[in-house]
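To keep things clear, I will list the structure first and then write my remarks on it.
Both counts, for ligands and for their atoms, begin at 1 and track the order of listing.
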Amino acid sequence: MAHFDRPHVTQPTLLLAPMEGLLDFVLRDILTRVGGVDRCVSEFIRVTGTLYPERVFLRYVPELLQGGKTASGVPVRPQLLGSDEVCLADNAARLAAMGAEGIDLNFGCPSPVVNRHRGGSALLEEPELLYRIV
Ligand SMILES: Cc1cc2nc3c(=O)[nH]c(=O)nc-3n(C[C@H](O)[C@H](O)[C@H](O)COP(=O)(O)O)c2cc1C
């Protein structure tokens with residue numbers, strides 16, 4: 001069965017798309033128990049000039065108390081939204097210290113309210129800033 005031996009072909013990774021106001025830790029727990037999900041992204045956490053205390057992050061991602069994973073062992077990447085690269089980096093460092101396996105950056109939210117504050121998809125119009133944030 002040599003034709004099944006294709007080590008160069010990697011398995012696809014299935015991400016659970018973030019949905020603000022819907023996909024919180026309860027739904028992440030339920031859906032990852034069903035199986036098939038390789039990684040979750042949290043609802044967006046808006047960063048506006050403040051280094052958040054741990055309790056704020058725990059409200060969005062209580063999984064950080066259990067190694068950053070859902071009860072069924074699926075990693076959850078906290079998602080940050082904002083345009084202040086220094087503040088985003090400070091908050092990302094705190095999340096890393098709390099055990100997050102990675103940080104997701106929101107460059108996709110099309111909401112006019114978010115975009116008006118230079119967040120989400122509005123950043124795609126500022127590639128230099130986007131680069132500095134990453
Ligand atoms: C109610 C709602 C909330 C969403 N919240 C977020 C969010 O917090 N962060 C994010 O990156 N995308 C968010 N999205 C975008 C989704 O993760 C997804 O990328 C989008 O719905 C497109 O997926 P589809 O092509 O499978 O429909 C949201 C979408 C919906 C409908």
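The pair K69-E101 does not meet the salt-bridge criterion, since no charged nitrogen lies less than 4.0 angstrom from a carboxylate oxygen. Classification of D29 and R33 as a salt-bridged pair holds, one side-chain N sitting under 4.0 Å from a carboxylate O.
At least one N or O atom of N106, backbone or side chain, sits closer than 3.5 Å to an N or O atom of ligand 1. Distances between N or O atoms of Q79 and those of ligand 1 include at least one value under 3.5 Å.
Less than 4.0 angstrom separates atom 26 (O) of ligand 1 from none of the non-hydrogen atoms of the protein. Under the 4.0 Å distance rule, the nearest protein heavy atom to atom 19 (O) of ligand 1 falls outside the cut-off. For atom 14 (N) of ligand 1, the protein comes within 4.0 Å by at least one heavy atom. Of the protein's heavy atoms, none falls inside 4.0 Å of atom 23 (O) of ligand 1.
In terms of protein heavy-atom proximity, atom 2 (C) of ligand 1 is closest to M19 CG, 3.8 Å. In this structure, the protein non-hydrogen atom closest to atom 8 (O) of ligand 1 is F44 CD2, 3.1 Å. With hydrogens left out, the protein atom closest to atom 1 (C) of ligand 1 is E20 O, 4.1 Å, a heavy atom.
Nearest to atom 10 (C) of ligand 1 by heavy atom, out of S111, P18, A17, is P18.
For Y52, the OH atom sits in a packed shell: over 12 heavy atoms of surrounding residues, nucleotides or ligands are nearer than 6.0 Å.
Residues C87 and N91 meet the side-chain proximity criterion, which asks for heavy atoms closer than 4.5 Å. The closest side-chain heavy-atom distance from L105 to I133 is below 4.5 Å. A heavy-atom distance below 4.5 Å is found between the side chains of F57 and L95. For the pair L129 and S83, the minimum side-chain heavy-atom distance is below 4.5 Å.
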